[in-house]
Amino acid sequence: IARLRFPWLTATLVAGVVNSYLIASFQDSLNKVIALAAFIPVILGMGGNIGGQSAVIVVRGMALGRIGFDQLLPVIFKEIRVGLLLGVIYGNLLGIFTYFFYHSSPILGLVVGLSICASMLFAVTIGVLYPMIFKKLGIDPAVATNPFVTTSTDLVGILIYFSIATTLMPIG
């Protein structure tokens with residue numbers, strides 16, 4: 001079992017190191033608006049969780065014979081609707097919390113809210129696609145999907161977050 005899991009966890013470790021360099025590349029932004037650092041775990045955690053949930057639903061559906069390649073588009077669209085709904089709800093909640101907790105301008109709340117919503121949308125999409133891709137490649141999706149969903153969501157979530165922050169906030 002360890003031998004089966006090792007390559008996927010190694011990929012996760014390597015991506016985690018890449019993510020640490022990615023975060024460090026936004027050090028100037030973090031130094032100017034330290035509150036940005038406080039929301040990194042929330043944005044990455046929510047994206048990883050919803051992406052993992054989508055992946056588990058697809059892997060289970062595939063194992064039970066309920067989801068196949070012919071249902072890919074309907075499943076993606078369903079998960080995107082779910083991700084958008086939950087992303088808007090949690091984006092608003094987190095944005096409002098940010099505004100009141102940090103007594104900041106509404107821009108920080110907007111950045112955090114938009115980032116969590118976009119990260120969740122990305123996560124549900126890859127949560128559906130990765131199991132299908134792995135199955136097509138002959139790789140067990142039950143073993144390979146979660147590390148790739150988590151890793152991709154972390155990397156893209158950081159890019160989304162800091163791209164929105166540097167675009168909307170006076171930190172550049």
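Numbering of residues begins at 1 and proceeds along the displayed sequence.
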Among the clusters formed by ILVMFWY side chains lying less than 4.5 Å apart, do [X] and [Y] turn up in the same one?
X: Leu9; Y: Leu155; answer: no
X: Leu137; Y: Met132; answer: yes
X: Ile133; Y: Ile80; answer: yes
X: Ile76; Y: Phe69; answer: yes
X: Leu85; Y: Ile96; answer: no

Donor-acceptor pair, distance only, cut-off 3.5 Å: does the side chain of Ser25 make one with the backbone of Leu22?
yes

Look at the side chain of Tyr161 and the backbone N and O of Leu36, then say whether any donor-acceptor pair between them is shorter than 3.5 Å.
yes

Heavy-atom closest contact ([X] atom, [Y] atom, distance):
X: Ser115; Y: Ile164; result: OG-CD1, 3.7 Å
X: Leu30; Y: Ala37; result: CD2-N, 3.5 Å
X: Ala142; Y: Asp140; result: N-OD1, 3.0 Å
X: Ile116; Y: Gly91; result: CG2-CA, 3.3 Å
X: Thr145; Y: Ala55; result: CG2-CB, 3.4 Å
X: Ile126; Y: Pro131; result: O-CD, 4.1 Å

Given side chains that start at C-beta, do those of [X] and [Y] come closer than 4.5 Å, heavy atoms only?
X: Val42; Y: Phe97; result: no
X: Ile50; Y: Leu86; result: yes
X: Thr98; Y: Val111; result: no
X: Leu72; Y: Leu129; result: yes
X: Ser152; Y: Tyr130; result: yes

[atom1]/[X] to [atom2]/[Y] distance, rounded to the nearest 0.5 angstrom?
X: Leu168; Y: Leu110; atom1: CG; atom2: CG; answer: 5.5 Å
X: Leu159; Y: Phe122; atom1: CG; atom2: CZ; answer: 9.5 Å
X: Phe148; Y: Thr150; atom1: CZ; atom2: OG1; answer: 11.0 Å
X: Asn49; Y: Met120; atom1: CG; atom2: CE; answer: 9.0 Å
X: Leu13; Y: Asn19; atom1: CG; atom2: CG; answer: 12.0 Å
X: Thr166; Y: Asp28; atom1: OG1; atom2: CG; answer: 11.5 Å

Of Leu121, Thr125, Val128, the residue whose pairing with Glu79 passes side-chain contact (heavy atoms from CB on, under 4.5 Å):
Val128

Given Ile158, which of Thr153, Val18, Ile43, Leu44 fulfils the side-chain contact (heavy atoms from CB on, under 4.5 Å) condition?
Leu44

When clusters are formed from ILVMFWY side-chain contacts under 4.5 Å, directly or step by step, what else is grouped with Leu73?
Phe77

What orientation do Phe26 and Phe162 show, parallel under 30°, tilted 30 to 60°, or perpendicular over 60°?
parallel

